[in-house]
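Below is one structure, written out as structure tokens; the observations come after it.
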Amino acid sequence: MDYKFWEIEPKWQEFWDSNKTFKTRDDFSKPKYYILDMFPYPSGAGLHVGHPEGYTATDIISRYKRMNGFNVLHPMGWDAFGLPAEQYAMQTGTHPAITTRKNCDTFRRQIKSLGLSYDWDREINTTDPGYFKWTQWIFIQLYNTWYDPESKKGLPISELPIPSVIEEMGPKAVKEYVASKRLAYYDNAQVWWCSSCRTVCANEEVLTDGSHEKCGHQVIRRNLKQWLLRIPHYAERLLEGLDDLDWPEGVKDMQRNWIGKSHGAEVDFDIDGIDQKLRVYTTRPDTLFGATYMVISPEHPMAETLVTPENEENVKEYIHTASLKSDLDRTELAKEKTGVFTGRYAINPVTGGLIPIWVADYVLMGYGTGAIMAVPAHDSRDFEFAKKFSLPVNCILDPAAADQDLRDKILAGDACWTEDGVYINSANSEKGIVLNGLNKSEGIRTVTQWLEERGLGKATVNFKIRDWLFSRQRYWGEPFPVIHWEDGEVSLDENLPVMLPTLEKYEPGEGGESPLANAREWLEVVGADGRKGRRETNTMPQWAGSCWYYLRYIDPTNKDSIFNPELEQYWMPVDLYVGGAEHAVLHLLYSRFWHKVLFDLGIVSTDEPFIKLYNQGMILAFAYETATGAKVSSDLVEDRDGKFFHTETGEELHQIVAKMSKSLKNVVNPDDVVQKYGADSLRLYEMFMGPLDERKPWADSGVKGVSNFLNRVNRFFSDLQNITDEKEDPETEKALHLAIKKVTSDIENLKFNTAISALMVFNNHAIKKGKVSLETAKTFTLILSPFAPHLGEELWQLYGANDTISYEPWPKADEELLKEDMFEYPVSFNGKMRFKLALPVDFSVNQVEEAVISNEKTGKYLEGKNLRKVVVVPGKIINVVIS
RNA sequence: GCCCGGGUGGCGGAAUUGGUAGACGCGCUGGACUCAAAAUCCAGUGUCAGCAAUGACGUGCGGGUUCGAGUCCCGCCCCGGGCACCA
């Protein structure tokens, strides 16, 4: 019987659709399982083979969990705001909503053709007003929340205590004070501006080379009024929360690095000749004795105060030059350090010595206090700077582990040492501080305490994470529910949703304003009191909609509230979240931030949204290059007996693995694969390629391999002549239960490649046997069905069922059947396996040893050798040690 | 520079976490079926030597621990990802 996937696959997809087989009911009596895919951006290019990888994995688990009695929530939707639809609108005038709808239709059709068991009644779309109404609503919650460091919680802004000093200054001061505490605020911000996209981008969207992640164009600095979110207030919570999450360690590390917590101290330095102090942040207060100069960043507010008249011109020029530089120029490591002397000196609090204050752009205003004490002997950046400008290098830490040569250099101030050691030259009994003889951690403790006792400084914690730039000069995004009044007041428009106006032109407005600035009618508002105002013309970034979508699936059509809290309590948190590693920081950190705020406000019931996270690896493709490394398009490559040649030049080519790309002509379209081999084959191949979390190259021959397997399954199991009513043969029964056991544990551990291998092993066994019982055939069909659901349903129906296989109970492996009487011991001599010896499993170590020694084969290996000992690991191995 | 991954046959990858290296699949070789081809089926397939039995070698490189190392430890090399003057 032929394997007619082209008939059975549409048949079952139609069945699932019309019977709403995968509709999720809010049945609280069952244990729930919420399994989520990162929803896609529906691009015009349609699905690529990377999408079905994660989707198939979650689909297998969804089906497996249903068969294990779980109430499974497994939804899909569209992250549909974004630049491409808007750019297309600029070129063609087509409204982005139309483009978006078309693309979603394509994606939905393609996803449905893969037989994925989503509950389509819960489909969501971030561009749907019924959805973004609630994105705007969350923005309002953020705006109306402040973070209380005491209780470490976000609280309603109405509960913000106003200090009496502020209160006395009048209502304007109070308003400003309140604004300074809101989690969302509107302010001037130094932002990255992409002149090609005519929009700002967040720090995270700018690549290391200073180009915009989306378009590759160089970005520049601009000062613009923008919306920002105070995510650093949640830094500590976001950091602590990571510990209990079942996430890949690498992702957690990346988030930890991004948050960038450091412990150190703030120290106040007196300034010679002015009655002001310069505050620095350092993680190495212990090296205070080695501080030989200070540096402030060019943007430091005290720059003007500090500079002496004779240095004023120099310093001003330097600050001006620095302001023109991009961060890229300023941070490039290869670059030489620059700086100018202010003419002013600070007083080192432990030595009492005068140390020069410099301005240099290697110190950043955005971190710590924007000023540092420089310890060139024990900080490599300071060392580099000191060498260039001939500043003194005082070694105060005798290096612990350096070789003698290096140690001499360090002690002489000719090299830098940042590791542990023993302090020298670090005592001032007059000031009551002695570090000599201590090590680094003792030193840090001693100095910090000394500073605190004298009111000169205090222990401080710093974070690298910055405020999140939350507005874009775009049309196709969520409008802010905000009105700017002519008198400068900002207020919220709580009449949600605030809709996007229809535009004739999607070009950005004057001076870098969003295209919304062109929508005059929409833009201008008049208040009840006749006051005039303008709507916010910026829109939210794409992150906004994806920050909370997992919550809307819970109750996607609710018109009155974001979701029903009872449903939220049942379904949350997400039990398993699968998606690409490219979202390791941004999406996942932003989501966690919003979720924690919503948790503090009592809107959601869990502190963390995603209990377990798994990253699927990227699917790559084979590509070819010449001896000189030039890439060759795949259509110009000829395969001759496993060697590759250029069809035009005849040159032998080297096979490499690279990202799929149009230019290399090695992009695989899932539609073509479904057409040629069927959805079950595509699913199976994507899972069989290798471990889910690893990057791996696509090979068409591999699809053929799994397609062969499904053909063999179909040929054998759909031929009722092979299926008997007799009792199953013990050997086959054992093979079956071995497969159940392996497939079960492999699904639990997301090891789908080896699960499929186990299915293949059993199938090979069954075919070799020639006959299996109906019971066996049904059981095999059950464990095959999550992987190849169409064929699973088809066989299930053939065996007499008249309903879906999707909710049939998952088989249990019978351990009794797997027990062995005999074990075939590998017998090694000095660790080399020589022969096998079958012995009863219940043999004692002594009995095994005797059996080995008396075995005739052993004699051969003992000839001319001494038997030293016999190592027996019951049920594992025998090793005979000879000499 | 720092932080994570990863290097196993011709290829994708297995290996119960210290116990038979190479499961499963692709490819290749030989055979069956066929007028022939495709498809399918059967057998073989880490490398070297040998007709074979068998032996030697073998998990990026160099050391070490152990009765025994792909797996653990020390020192390197290469590939991929992230961060990068954060004091």
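In what follows, chains carry the letters A, B, and so on, assigned in the order in which the sequence lines appear, proteins first and then strands, with residues in each chain numbered from 1.
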Nearest to side-chain heavy atoms of [X], which nucleotide of [options]:
X: V871(A); options: C24(B), G19(B), G82(B); value: G19(B)
X: N708(A); options: G25(B), C26(B), G81(B); value: C26(B)
X: K337(A); options: C85(B), G25(B), C67(B); value: C85(B)
X: N879(A); options: C67(B), U20(B), A87(B); value: C67(B)
X: Y362(A); options: G25(B), C85(B), A21(B); value: C85(B)
X: M833(A); options: A87(B), A21(B), C26(B); value: A21(B)
X: T283(A); options: A87(B), C3(B), U20(B); value: A87(B)
X: K464(A); options: G13(B), C67(B), C83(B); value: C83(B)
X: F622(A); options: A87(B), C11(B), A23(B); value: C11(B)
X: K876(A); options: A43(B), U40(B), G19(B); value: G19(B)

I'd like the [atom1] distance from [M] over to [N], given in whole Å.
N: C83(B); M: C11(B); atom1: C1'; answer: 34 Å
N: U8(B); M: C79(B); atom1: C1'; answer: 15 Å
N: G60(B); M: A56(B); atom1: P; answer: 22 Å
N: U34(B); M: A52(B); atom1: P; answer: 32 Å
N: G18(B); M: G13(B); atom1: C1'; answer: 22 Å
N: U66(B); M: G12(B); atom1: P; answer: 36 Å
N: U29(B); M: U47(B); atom1: P; answer: 14 Å
N: G64(B); M: G58(B); atom1: P; answer: 15 Å

Nearest whole angstrom, please: distance from the [atom2] of [N] to the [atom1] of [X].
X: W258(A); N: C2(B); atom1: CH2; atom2: C1'; result: 16 Å
X: D746(A); N: G13(B); atom1: CG; atom2: P; result: 17 Å
X: F835(A); N: G55(B); atom1: CZ; atom2: P; result: 11 Å
X: L818(A); N: U16(B); atom1: CG; atom2: P; result: 18 Å
X: F709(A); N: A39(B); atom1: CZ; atom2: P; result: 20 Å
X: D693(A); N: G5(B); atom1: CG; atom2: C1'; result: 9 Å
X: N763(A); N: C41(B); atom1: CG; atom2: P; result: 10 Å
X: F383(A); N: G1(B); atom1: CZ; atom2: P; result: 18 Å

Quiz prompt | Q655(A) or D253(A), whichever maps to the more 5' nucleotide of RNA chain B | solution = D253(A)

Quiz item: If you pin N764(A) and G366(A) to their nearest nucleotides in RNA chain B, which one's is more 5'?
Solution: N764(A)

Whether [X] contacts [N] is assessed here as follows: a side-chain N or O lying under 4.0 Å from the phosphate OP1 or OP2. Is that the case?
X: N753(A); N: A23(B); answer: no
X: K832(A); N: A56(B); answer: no
X: Y861(A); N: G55(B); answer: yes
X: R834(A); N: U54(B); answer: no
X: T754(A); N: C24(B); answer: no

Practice problem: Taking the side chain as every heavy atom from C-beta outward, state whether Y3(A) and R715(A) have any pair of such atoms under 4.5 Å apart. | Solution: no

Quiz prompt | Student check: side-chain heavy atoms of C395(A) and H378(A) closer than 4.5 Å | solution = yes

Quiz item: Pairing of RNA chain B as dot-bracket, 5' to 3': ( ) intra-strand, [ ] crossing, | other strand, . unpaired, with Watson-Crick or G-U pairs under 3.5 Å?
Solution: (((((((..(((......[....)))((((((.......))))))((((....))))..(((((..]....))))))))))))....

How would you label the contact of [X] with the nucleic acid (heavy atoms, under 4.0 Å): base, sugar-phosphate, or nothing?
X: S262(A); result: sugar-phosphate
X: R695(A); result: sugar-phosphate
X: P248(A); result: nothing
X: K696(A); result: sugar-phosphate
X: K751(A); result: sugar-phosphate
X: V761(A); result: sugar-phosphate

Quiz item: Using the glycosidic torsion, which applies to U65(B): syn (within 90° of 0) or anti (everything else)?
Solution: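 Anti, angle beyond 90° from zero.
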
Practice problem: Syn or anti for G9(B), please, going by whether the chi angle lies within 90° of 0. | Solution: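 With its glycosidic angle within 90° of zero, G9(B) counts as syn.
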
Quiz item: Taking the six-membered ring for Trp, are Y281(A) and Y367(A) parallel (under 30°), tilted (30 to 60°) or perpendicular (over 60°)?
Solution: perpendicular

Practice problem: Hey, can you tell me if Y293(A) and F385(A) have their rings parallel, tilted or perpendicular (30° and 60° cut-offs)? | Solution: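 It falls in the parallel class, under 30°.
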
Exercise. Taking atom NZ of K676(A) as the centre, report whether more than 12 heavy atoms of other residues, nucleotides or ligands fall under 6.0 Å from it.
Key: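 Atom NZ in K676(A) is not crowded, with 12 or fewer foreign heavy atoms closer than 6.0 Å.
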
Quiz item: Do other residues, nucleotides or ligands put more than 12 heavy atoms under 6.0 Å from the NZ atom of K659(A)?
Solution: no

Quiz item: Should T754(A) and D746(A) be marked as a side chain to side chain donor-acceptor pair (under 3.5 Å) after you check the CA-CA gap, both sets of side-chain angles, and the distance that decides it?
Solution: CA-CA 7 Å; T754(A) 47; D746(A) 281 352; 2.8 Å; yes

Quiz item: Does a side-chain N-to-carboxylate-O contact under 4.0 Å join K440(A) and E419(A)?
Solution: no

Quiz item: Charged N to carboxylate O under 4.0 angstrom, R256(A) versus D243(A)?
Solution: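 Answer for the salt bridge query: yes.
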
Quiz prompt | Spatial distance of atom CZ (R834(A)) from atom OG1 (T858(A)) [nearest 0.5 Å] | solution = 12.5 Å

Quiz item: Counting only N and O atoms by type, is there a donor-acceptor contact under 3.5 Å from the side chain of Y685(A) to the main-chain atoms of A699(A)?
Solution: yes

